[in-house]
Amino acid sequence: VSSSNWCDESAVVGVPPLALRPPPKTGWSDNTVRVLETEDFVEQGYGYHVFAFWSSRYTWLADGGDDPDNTIVRKLNRHETEVFHIKKVTPNDPQYIGSDFHFSCGREVRQFRAQPNAVYITLKNQHKRAGAIFVFVPRVNIEKVVKVKVNGDHGLFSVVGSAPHTQRNSSPRVAGRILRIPVIIKADGSPHDGQIQVDF
């Protein structure tokens, strides 16, 4: 989702809740205008990962139906645009959230392979660049458990968010953490260039 401020001064810009909903189960019919009801959409789940590409900010968004308070709202400078990458949370599986390499938050990935307690990511490495990737790991206590390798060597990470493990009518608890992992792509042909391993 792209959100833009076309005004000549700063403004708070929101994404309409309907724009964040998945398509209705029955699809969009041709030549038919009707009011969409909640049951038209897939059942609610564990919320959404929301990654703002230009600002590299992560937030978690609950499944909120058409609640206007449960949407993406940002203050944008005049003529500023933000691109939001939105992905449904899978609370038991690791996920690639995005990066500051490419606005698609995925085009930079050559391979993403998850195992029960590890994730292997290979980024495209034809060009030199430096940035960070963001990965969700389904683990709460990570400081002493998570190990990261970048380009075959010990890597660093920081925790930039959490995703609750909650559904309607249940008390919230944390499903996992969002890690920010700095990566330098050397584009020198070395065998581990652009490879990231996260053990959790």
Side-chain angles (χ1 to χ4, degrees), residues 1-3 15 19-23 42 45-63 72 74 82-143 145-166 174-187 190-200:
V1 173
S2 176
S3 182
V15 177
L20 303 176
R21 301 296 301 271
V42 298
Y46 297 95
Y48 298 90
H49 301 293
V50 179
F51 180 71
F53 173 75
W54 294 114
S55 61
S56 295
R57 287 172 44 192
Y58 172 87
T59 53
W60 176 81
L61 183 67
D63 290 309
I72 300 169
R74 289 284 191 275
E82 183 61 275
V83 176
F84 299 99
H85 184 246
I86 303 167
K87 182 177 284 193
K88 204 162 187 50
V89 174
T90 59
N92 301 313
D93 300 309
Q95 292 176 276
Y96 188 81
I97 303 302
S99 78
D100 53 16
F101 288 121
H102 196 280
F103 70 91
S104 70
C105 292
R107 180 105 173 123
E108 69 281 6
V109 177
R110 177 172 286 142
Q111 183 181 50
F112 181 91
R113 184 169 48 95
Q115 293 182 344
N117 292 102
V119 175
Y120 303 91
I121 302 163
T122 303
L123 301 179
K124 295 176 182 173
N125 58 7
Q126 294 90 344
H127 306 287
K128 290 183 182 180
R129 52 195 170 159
I133 64 169
F134 296 76
V135 179
F136 168 74
V137 293
R139 178 169 289 279
V140 178
N141 303 316
I142 64 168
E143 287 77 13
V145 179
V146 171
K147 304 283 188 256
V148 173
K149 281 187 176 181
V150 177
N151 298 336
D153 294 322
H154 173 74
L156 302 175
F157 70 89
S158 57
V159 178
V160 296
S162 299
H165 190 303
T166 181
V174 174
R177 307 289 189 196
I178 290 74
L179 310 181
R180 178 187 182 275
I181 303 170
V183 180
I184 295 175
I185 307 232
K186 299 174 183 175
S190 58
H192 298 291
D193 193 28
Q195 293 183 358
I196 301 99
Q197 177 179 336
V198 181
D199 294 304
F200 56 92

Considering all heavy atoms of both residues, which atom of Ala132 and which atom of Asp100 are nearest to each other, and what is their separation? N-OD1, 2.8 Å
Rounding to 0.5 Å, atoms CD (Gln195) and CG (Asn151) come to a distance of 8.0 Å
If you take all heavy atoms of Asp193 and Asn125, which pair is closest and at what distance? O-ND2, 3.1 Å
Would you compute the distance between atom CD1 of Ile181 and atom CD1 of Ile196 and round it to the nearest 0.5 angstrom? 7.0 Å
Would you say Arg57 has more than 12 foreign heavy atoms packed within less than 6.0 Å of its CZ? no
Does some side-chain heavy atom of Thr90 sit less than 4.5 Å from a side-chain heavy atom of Lys87? no
Show the nearest heavy-atom pair for residues Arg139 and Phe200, with the distance to one decimal. NE-C, 3.3 Å
Could you check whether Tyr58 and Phe134 have their ring centres less than 6.0 Å apart? no
Roughly how far, to the nearest 0.5 Å, is the OG atom of Ser3 from the CD atom of Glu82? 8.5 Å
Reported OG1-to-CD distance for the pair Thr122 and Gln111, which is rounded to 0.5 angstrom: 5.0 Å
Intermediate values then yes/no, side chain to side chain contact (heavy atoms under 4.5 Å, CB included), Leu179 and Val159: CA-CA 5 Å; Leu179 310 181; Val159 178; 4.1 Å; yes
Mind listing the closest non-hydrogen atom pair of Cys105 and Gly98 along with its distance? CB-CA, 3.6 Å
On the 0 to 90° scale, with breaks at 30° and 60°, tag the His49-Phe136 ring pair as parallel, tilted or perpendicular. tilted
How many angstroms lie between atom CD of Gln115 and atom OH of Tyr120, to the nearest 0.5 angstrom? 4.5 Å
Side chains of Phe51 and Ser56: does their closest heavy-atom pair fall under 4.5 Å? yes
Taking C-beta and beyond as the side chain, do Val109 and Leu123 meet within less than 4.5 Å on heavy atoms? yes
Ring centroid separation for His85 and Phe53, is it under 6.0 angstrom? no
Shortest non-hydrogen contact from Arg107 to Lys124? O-NZ, 2.9 Å
Answer yes or no: is there a side-chain heavy-atom contact under 4.5 Å between Val89 and Trp60? yes
Say you draw a straight line from CD1 of Ile185 to CZ of Phe101; how long is it, rounded to the nearest 0.5 Å? 5.0 Å
Identify the heavy atoms of Leu156 and Val148 that sit nearest to each other, and give their distance. O-CG1, 4.3 Å
Could you check whether atom CZ of Phe103 has more than 12 heavy atoms from other residues, nucleotides or ligands sitting under 6.0 Å from it? no
Are Ile86 and Ile72 packed together at the side-chain level, in the sense that at least one heavy-atom pair is separated by less than 4.5 angstrom? yes
